[in-house]
Protein chains: 2
Amino acid sequence: MAEKDTKERILDAAEELFAEFGFAHTSMRKITSTAGVNLAAVNYHFGSKEELIKAVFTRRLMPINAERLRRLAEVEAGEPTLEALLEAFIAPHLEMKEAGGNDRFVCLIGRSYTDHAPLLNEHVRALNKDVVARFKAAFSAQLPHLPRRELSIRLHFLVGTVAYTMAGPEMIHLLRGVRISEGDNAKALVERLVPFLAAGLRAPLPEQLPEFVVSRAS
Amino acid sequence: MAEKDTKERILDAAEELFAEFGFAHTSMRKITSTAGVNLAAVNYHFGSKEELIKAVFTRRLMPINAERLRRLAEVEAGEPTLEALLEAFIAPHLEMKEAGGNDRFVCLIGRSYTDHAPLLNEHVRALNKDVVARFKAAFSAQLPHLPRRELSIRLHFLVGTVAYTMAGPEMIHLLRGVRISEGDNAKALVERLVPFLAAGLRAPLPEQLPEFVVSRAS
DNA sequence: GTATCATCCAAACGTTCGTTTGAACCATAC
DNA sequence: GTATGGTTCAAACGAACGTTTGGATGATAC
């Protein structure tokens, strides 16, 4: 009881502070004092700051990815379109509010892709691995003309667009004051992202595409 | 002589380390030892770590933005196309190598957009302000049907795509080992980004577009 | 020669960090 | 009652941080 209470208070405080100040600039003392718990509580319940960060993401990402797969199955049950796939892929992140999520976390997700934190990147990548593979196959089926390699690159572009859009403290820097959790802003954003991304994914390939030169290992 | 040498050695080391480890995880001691200078040199020449970070960006961003404006003028001298504008906007970042830039800086530029460092964000925004305004007008002329507000949003998507693509330690996570400075990878990347982004910018608007709800202060 | 000035340097400053400790607390089980 | 085991707590740990100091260094001007 008290345990779970403390753990969740810590997760909530950490989520909020990480989103606002970043991981490196959020100290354990700030987290625990915001959560109203003892300084040692984080190490007791999570082991370390690093593990706390991972726990913050795991808590939100698991239900989001479940929802993404649910929507994917729903779309594939009918006659899938590229737009429907994109919405299934993107919307669960932005509409987290209804799933009990704090809208602060939306910008944390974005940051998990863009921040330099190798251990976190790997953790998030692992959490998303199955979902990404499933969606990649679905996208590929909708874009049969696109070589696998080129699809991968364009999906990378896609992730960048979404991550950057989510990473801002306000949803969009240009529109200061727009918050994802307000009204139907999530829907407004999805309905702008989907046509943009669908058109990008469908864009014809240039006739002569120079290959990338791979150096180094792996 | 020795001064300029020291300053540039510091800038080079800082650029490299910031790109690899991020700002918060790069200590002054690591910077100065990598540069082979005394610990106090940074504070002597730059005043503080914060000012050093700004100097790292100013050094590279000024010539890049000059080049962007030069290319924009070149494009506008003929009959501009959306693709040509995009290339003028994007390519100077990626082809910095030829301008004497370290390819490590490419990923630093990306990070300057995505990292949470308000003072740096503002600094970079100020450095880019004029360029962005000029290009925005040029894009608007190529997309006369697109309401200004919607153009702004799509340009935000664009920046996200480019920034995220540049922010990875390797140019593209999917293609480990691809480095922008190798061979013509910059060109290969530009020729994939441009069609993707041009198609996205040109995408038709949905008939019914829900407006964003603005809360809070500006 | 001496004076001047920017630069460099070893050493230390005070602060903050993540983590650990060992005792106190308080349910529940016996 | 006593024992147990998970939880909380104040306090302290050593390490790393950005910054400052005051003198040494070395070139240039006179």
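Convention: sequence-line order gives letters A, B, ...; per-chain numbering from 1. Values reported hereafter were calculated over all heavy atoms of this structure, with side chains retained and with hydrogens, waters and symmetry mates removed.
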Exercise for the section: In whole angstrom, give the distance that lies between atom CG of A:Asn43 and atom P of D:dC13. Expected result: 17 Å

Practice task
Using distance alone, with no hydrogens and no angle criterion, decide if A:Thr58 and A:His123 have a side-chain donor and acceptor under 3.5 Å apart.
Solution key: yes

Exercise for the section: Between D:dT8, D:dA10, C:dA6, spot the one nearest the side chain of A:Ala40, thanks. Expected result: D:dA10

Practice task
May I ask you to verify if any side-chain N or O of B:Ser48 is less than 4.0 angstrom from the OP1 or OP2 atom of D:dG18?
Solution key: no

Handout entry: Geometric cation-pi criterion, A:Arg68 with A:Phe89: 6.0 Å, 45°
Key = yes

Practice task
Indicate, with a heavy-atom threshold strictly under 4.0 Å, whether B:Thr26 touches base, sugar-phosphate, or nothing.
Solution key: sugar-phosphate

Fill in the blank from the handout: Ranking C:dT7, C:dA12, C:dT19 by distance to the side chain of B:Tyr44, first place goes to C:dT7

Fill in the blank from the handout: Rounded to whole Å, CZ of A:Arg9 lies from C1' of D:dT7 at a distance of 14 Å

Completion exercise
Heavy-atom nearest nucleotide on DNA chain D taken for A:Gly36 and for B:Glu50; more 5' hit belongs to A:Gly36

Problem - Length of the line joining A:Asp5:CG and C:dC26:C1', which is rounded to integer Å - result: 16 Å

Exercise for the section: Kindly point out which of C:dA12, D:dG18, C:dT19 is positioned nearest to the side chain of A:Leu39? Expected result: C:dT19

Exercise for the section: Return the value, rounded to whole Å, for the distance between atom CZ of A:Arg29 and atom P of C:dT15. Expected result: 14 Å

Problem - Contact under 4.0 Å: A:Thr6 side-chain N or O vs D:dT8 OP1/OP2 - result: yes

Handout entry: Per A:Asn38 side chain, nearest of listed nucleotides C:dG18, D:dC9, C:dA6
Key = D:dC9

Problem - Any donor-acceptor N or O pair under 3.5 Å, side chains B:His156, A:Thr161 - result: no

Handout entry: Phosphate OP1/OP2 of C:dC17 contacted by A:Ser27 side-chain N/O (<4.0 Å)
Key = yes

Practice task
Establish, from distance only, whether the side-chain atoms of A:Ser152 and A:Lys136 form a donor-acceptor pair under 3.5 Å.
Solution key: yes

Exercise for the section: Look at A:Glu76 together with A:Arg71 and state whether they make a salt bridge at an N to O cut-off of under 4.0 Å. Expected result: no

Handout entry: Interatomic distance where NZ belongs to B:Lys49 and P belongs to D:dA16 [whole Å]
Key = 15 Å

Practice task
Ignoring backbone atoms, establish whether B:His45 has a side-chain N or O less than 4.0 Å from OP1 or OP2 of C:dC8.
Solution key: yes

Practice task
Check the distance between D:dG18's C1' and B:Ile53's CD1 and give it to me in whole angstrom.
Solution key: 12 Å

